[in-house]
Asks: 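I have a structure I would like to understand better, so I am pasting it below and will then ask my questions one at a time.
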Protein chains: 2
Amino acid sequence: MKDKATSFDIAYLAGVSQSTVSRALRNSPQVNNETRERVHAIAKQLNYKVDKNASNLRKQRSSTLALLLFEDPTSDESLINPFFLSMLGSITRACAKRSQDLLVSFQQLSDDWHADYEDSNKADGIILLGYGDYVDYEEKLEKLLAQQTHFVCWGAEVHNHPEFTIRSNNREGGRLAGEHLLAHGYKNFAFVGNASEHSPEFFERYQGFTDALLAAGIQPDDIAQCDAISTENAGDNAIRQIMQQGKPIDAVFCASDIIAIGVMRALHQLGHKIPADIAVMGFDDIPVASFATPTLSTIQQDTSLAGEMLVDNLLRLINNEAIVSTHIQPKLIVRQSC
Amino acid sequence: MKDKATSFDIAYLAGVSQSTVSRALRNSPQVNNETRERVHAIAKQLNYKVDKNASNLRKQRSSTLALLLFEDPTSDESLINPFFLSMLGSITRACAKRSQDLLVSFQQLSDDWHADYEDSNKADGIILLGYGDYVDYEEKLEKLLAQQTHFVCWGAEVHNHPEFTIRSNNREGGRLAGEHLLAHGYKNFAFVGNASEHSPEFFERYQGFTDALLAAGIQPDDIAQCDAISTENAGDNAIRQIMQQGKPIDAVFCASDIIAIGVMRALHQLGHKIPADIAVMGFDDIPVASFATPTLSTIQQDTSLAGEMLVDNLLRLINNEAIVSTHIQPKLIVRQSC
DNA sequence: CTGAAAGCGCTTACAG
DNA sequence: CTGAAAGCGCTTACAG
């Protein structure tokens, strides 16, 4: 049990050459059935496993993908946005299905991702997951492009290269939220979340939202808006600023569920009833959304599909196959908050 | 940019041997300062990174740890318990600090973890994280012991080998909860969660809870108890069963926060006010605990410290250094639910 | 269908 | 302080 068996040990016991063992173990069609089975039997008996490092070194391929999670230094201590955790789960599952190992790490904007993963042969490609200021982020993406790194990212579009991004149709999601609130008869709207190129996903949600309201004759200027990054506290602060302006508000669409949780908390403390006085909608459908009181209506992102597509597309890139830009259809989830 | 530089390229440019390059890059003290700096400069210029596979193969060490998350097949679809996600975050950070890569995967009880990670040289050791039925689980742990796998686990004790486990002092945590509820004057108690060797952590929390109540003259038999695994629905079902028995209950201690969320939902639906009619406490202090309405009083586990200790102990094991059994002190967090 | 041989890119005794 | 050489354990042309 102590000394690891090598392919030479198996070759000796099976009475064949080491090359044949290697072929047999990878089920090469060139190898005789009987030989193959004998080799497999002995390998099993010896608890033999191909040495990944030797195999990778020879093949110049690691069968490993790296997942880089953006750790937002401004967000609540050690709290990863639950939405990303859900993505992490689906990506882990997708990798396992495709016999890929998954290296997980937090991104530092300062790192050279290409060097850290591809140059060192730790991983064949990189999956980028995370918010943060997109304007800062874009530079890094451009660099990855220039270095011909194999990478895909969630949400944010790489300039002129939409094919590297998997994301929800955020604009459509914003539209769904707007239409739903309109159908309920709400008239005075607010949007909480960044609405600029610094947060492209939030911006698209905002645009879809205003599209819907505009179609009902409501001008964007009549929609209260306040920036917020995706944390509970940012949502709390933002809605207090909006309420202080004294404009009547009866429905708030939040750029993420975490923001919505903070918004609901603040409205509650300010003495407003949800949804009787003010309706609230979120975006993501994280677990907390159905635990909140009242339960939160939201736009669901299909994280399971997203994980599969990210991994599939990355593997295609690594294999030099063509990929296409993809938008995942968001889904309206109606609960108590509106 | 396309062809990766090797240590030979650097050697050529620096006018030294490849061995010297290797030494210089690892900052070996045997190497001349000036030579070292020249080598580093050229390496940087070429975007050189040591090939991990070659290096690992030669060193027979991967500087990689594997994190196996137990995926409970009975729990809500694709929902990892938020507590584990928080552990995942702290473990990721702890690994980064110690220059270890982290391979993440879901455990299958059927797999041969030793073979999958250590025999293949993918990882130097394994961190086990997860609930599930401990009686099934224990067999696997015994096998890992027999194979001399380098591993540590969270929560569950390995028979006769407490040193491989990092965990909270669950009994102490249960006691804190019991004493806190007693101090509030509650008299009729319930415990929701498995209380048997199938779930050692929950069992210890139960024991600490009964210790505290016994000290106040309340017999364990007078404490209502109903099994529940760590899901919202299990908590919901369990508390309904307890309430149906018709005994008066004014305080419920739940074995985990997720259970407590389900308990609060059910009590709310049954028309009970929390905490006016019935107080509720959880265990873990997951983010949801402070988002719930009312916010949930709970016993906090220090996941940040836990992650550090798991990684530290595993690295010690890998280096054949001594390790000691460790209990992390839990902390009472008082919120609105009691 | 099988074997002998080269080589992936490092690290580390060994010799000087 | 430096260099020449061996070898980690595989995969894969090449030859038969």
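What you see is a predicted model, and the numbers here were worked out from it, not measured in a lab.
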Asks: Keeping A:E118 on the side-chain end and A:H150 on the backbone end, is there a donor-acceptor pair under 3.5 Å?
Replies: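 Yes, because the side chain of A:E118 sits within donor-acceptor range (under 3.5 Å) of the backbone of A:H150.
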Asks: May I have the distance from A:R61 (atom CZ) to D:dC10 (atom P), rounded to whole angstrom?
Replies: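 Whole-Å distance recorded here is 20 Å.
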Asks: By nearest heavy atom, map B:V31 and A:V50 onto DNA chain D; which one lands nearer the 5' end?
Replies: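 That would be B:V31.
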Asks: Measuring from atom CG of A:N319 to atom CG of A:L317, what distance do you get when rounded to the nearest 0.5 angstrom?
Replies: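 Between A:N319 CG and A:L317 CG, I get 9.0 Å after rounding to 0.5 Å.
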Asks: Has B:R26 got a side-chain N or O lying under 4.0 Å from the OP1 or OP2 atom of C:dT12?
Replies: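 For B:R26, the contact criterion (side-chain N or O under 4.0 Å from OP1 or OP2 of C:dT12) is met.
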Asks: Does the side chain of A:S7 get closer than 4.0 angstrom to OP1 or OP2 of D:dG9 through an N or O atom?
Replies: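 The answer is no; no side-chain N or O of A:S7 sits under 4.0 Å from OP1 or OP2.
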Asks: Can you tell which of C:dC10, D:dT12, C:dG3 lies closest to the side chain of B:S55?
Replies: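 The closest nucleotide is C:dC10.
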Asks: Is there a side-chain contact between A:Q60 and the phosphate of C:dG9, meaning an N or O under 4.0 Å from OP1 or OP2?
Replies: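 Yes, within the criterion.
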Asks: Check every atom of C:dC14, C:dG9, D:dT12 against the side chain of B:D51 and return the nucleotide holding the closest atom.
Replies: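 Selected nucleotide (nearest to the side chain): C:dG9.
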Asks: Can a donor-acceptor pair be found, under 3.5 Å and without considering hydrogens, that links the side chain of B:K4 to the backbone of A:S120?
Replies: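 Here the side-chain-to-backbone pair does not exist.
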Asks: Contact class for B:S19 (heavy atom, under 4.0 Å): base, sugar-phosphate, or nothing?
Replies: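 Result for B:S19 = base.
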Asks: Roughly, in whole Å, what's the span from CG in B:N27 to P in C:dT12?
Replies: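 Rounded to the whole Å, the gap is 14 Å.
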Asks: Is there a donor in the side chain of A:S17 and an acceptor in the side chain of A:T20, or the other way round, less than 3.5 Å apart?
Replies: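 Per modelled atom types, A:S17 and A:T20 side chains form a pair under 3.5 Å.
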Asks: According to a strict under-4.0 Å criterion, is A:T35 in side-chain N/O contact with OP1 or OP2 of C:dT2?
Replies: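 Affirmative; the distance criterion is met.
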Asks: With a 3.5 angstrom cut-off on both distances, give the Watson-Crick or G-U wobble partner of C:dA13, or none if there isn't one.
Replies: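 No nucleotide pairs with C:dA13.
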Asks: Roughly how many Å is it from CG in A:N33 to C1' in C:dC1, rounded to a whole number?
Replies: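 These atoms are roughly 12 Å apart.
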Asks: Check the distance between C:dG16's P and B:Q30's CD and give it to me in whole angstrom.
Replies: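 Whole-Å distance recorded here is 17 Å.
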Asks: I'd like to know if the side chain of B:H198 and the backbone of B:V135 have a donor-acceptor N/O pair within less than 3.5 Å.
Replies: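 Absent.
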Asks: B:S22 side chain: which of C:dT12, C:dG3, C:dG9 is closest?
Replies: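 For the B:S22 side chain, the nearest candidate turns out to be C:dT12.
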Asks: Among C:dT2, D:dC1, D:dC8, which is the nearest nucleotide to the side chain of B:L57?
Replies: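 Minimum distance to the B:L57 side chain belongs to D:dC8.
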Asks: If the condition is side-chain contact (heavy atoms from CB on, under 4.5 Å), which residues does B:S55 pass it with, not counting sequence neighbours?
Replies: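 Partners of B:S55 under the side-chain contact (heavy atoms from CB on, under 4.5 Å) test: B:V50, B:K59.
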Asks: Can you tell which of C:dG9, C:dT2, C:dT12 lies closest to the side chain of B:T6?
Replies: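 In terms of side-chain proximity for B:T6, the closest of C:dG9, C:dT2, C:dT12 is C:dG9.
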Asks: Atom CG of B:N53 and atom P of D:dG7: how far apart are they, to the nearest Å?
Replies: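 Atom-to-atom, B:N53 to D:dG7, this comes out as 22 Å.
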Asks: Whole angstrom is fine here: how far is it from CZ in A:R23 over to P in C:dA4?
Replies: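 Rounded to the whole Å, the gap is 11 Å.
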Asks: Return the 5'-most residue of the pair A:Q18, B:A54 with respect to DNA chain D, ranking by each residue's nearest nucleotide.
Replies: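 Comparing both residues, the 5'-ward one is B:A54.
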Asks: For C:dA4, what is the paired nucleotide under Watson-Crick or G-U wobble rules, both distances under 3.5 Å?
Replies: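 C:dA4 is paired with nothing.
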Asks: What is the distance from CZ of B:F8 to P of C:dG7, rounded to the nearest Å?
Replies: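 From B:F8 CZ to C:dG7 P: 12 Å.
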Asks: Would you please confirm or rule out a distance under 4.0 Å between OP1 or OP2 of C:dG3 and any side-chain N or O of A:T20?
Replies: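 Answer yes for this pair, as a side-chain N or O of A:T20 is under 4.0 Å from OP1 or OP2.
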Asks: Over how many whole Å does the gap from B:K122 atom NZ to D:dG9 atom C1' extend?
Replies: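 Spelled out: NZ on B:K122 to C1' on D:dG9 is 16 Å.
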Asks: Does D:dG3 have OP1 or OP2 sitting under 4.0 Å from an N or O in the side chain of B:S17?
Replies: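 Yes, such a contact exists.
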